[in-house]
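Single-structure report; data block below.
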Amino acid sequence: MNRIVQCGLVAGLLIFGAMSVGSAADENAPVFSDDYRQGFYDAGYYLGQANAIGGSLAQFYFALGGEEAVITEDNKEMVDYYNNETRGFNQEVVPFVNGMIVQIFGEDDNVTSVLTLRELPLIS
């Protein structure tokens with residue numbers, strides 16, 4: 001996963017954590033329903049988990065050679081493992097987490113574009 005995307009995800013989580021702490025101290029802060037708050041916290045949890053998984057896969061990708069990876073007999077098994085895990089991440093985790101983000105913030109919100117997960121590349 002691109003370092004800029006990783007930094008953006010972490011920064012987004014930190015900003016939202018700071019905003020929620022700051023609004024908790026504000027007596028005039030708007031009151032949100034328990035469902036909304038639970039959805040927000042669930043999305044933060046899943047985004048954090050997805051970021052950790054994606055970060056691990058990205059490190060694995062670069063350890064295998066990244067864009068210049070050459071599949072050999074020695075690394076074929078590891079490349080296959082990476083590709084299988086990455087396909088699962090791209091097909092299941094990315095749409096699920098992005099769907100939660102869009103549901104909470106809406107498609108047109110700047111926050112959505114910052115928090116949206118990107119698919120990881122496969123090694124071919």
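Count residues from 1 along the sequence. Note that the coordinates shown come from a computational prediction; the quantities given were computed from them, not determined experimentally. Worth knowing before you read on, the calculation uses all heavy atoms, side chains too, and leaves out hydrogens, waters and symmetry mates.
- Val93 approaches Ala50 most closely through the heavy-atom pair CG1-CB, 3.6 Å.
- Checking Asn90 against Arg87 by side-chain atom types alone, no donor-acceptor pair falls below 3.5 Å.
- Nearest heavy-atom pair across Leu57 and Glu85 is CD2-CB, 3.7 Å.
- Although no hydrogens or angles enter the test, the distance criterion places no donor-acceptor pair under 3.5 Å between the side chain of Asn51 and the main chain of Leu47.
- Here the straight-line distance linking atom OH of Tyr46 with atom CD1 of Ile53 works out to 11.5 Å at 0.5 Å rounding.
- Val94 pairs with exactly one of Leu117, Thr116, Leu120 by the side-chain contact (heavy atoms from CB on, under 4.5 Å) rule, that one being Leu117.
- Leu64 pairs by the side-chain contact (heavy atoms from CB on, under 4.5 Å) definition with Phe60, Met78, Val79, Tyr82, Ile123, not counting sequence neighbours.
- Residues Tyr41 and Val102 fall into different hydrophobic clusters, defined by Ile, Leu, Val, Met, Phe, Trp and Tyr side chains chained together at heavy-atom separations under 4.5 Å.
- The side chain to side chain donor-acceptor pair (under 3.5 Å) search around Thr72 returns Asn75, not counting sequence neighbours.
- Distance check, rounded to the nearest 0.5 Å: CZ of Arg118 to CG of Asn98 gives 8.0 Å.
- Leu122 and Tyr81 fall into different hydrophobic clusters, where Ile, Leu, Val, Met, Phe, Trp and Tyr residues are linked whenever their side-chain heavy atoms come under 4.5 Å apart, directly or through other members.
- Considering CD of Glu67 and CZ of Phe62, their distance stands at 7.5 Å, rounded to 0.5 Å.
- The main-chain N or O of Gly106 is found under 3.5 Å from a side-chain atom of Thr112 such that the two form a donor-acceptor pair.
- Within the 4.5 Å cutoff, the side chain of Ile101 has heavy atoms near those of the Val97 side chain.
- Every residue was checked against the side-chain contact (heavy atoms from CB on, under 4.5 Å) condition with Ser113, not counting sequence neighbours, and none meets it.
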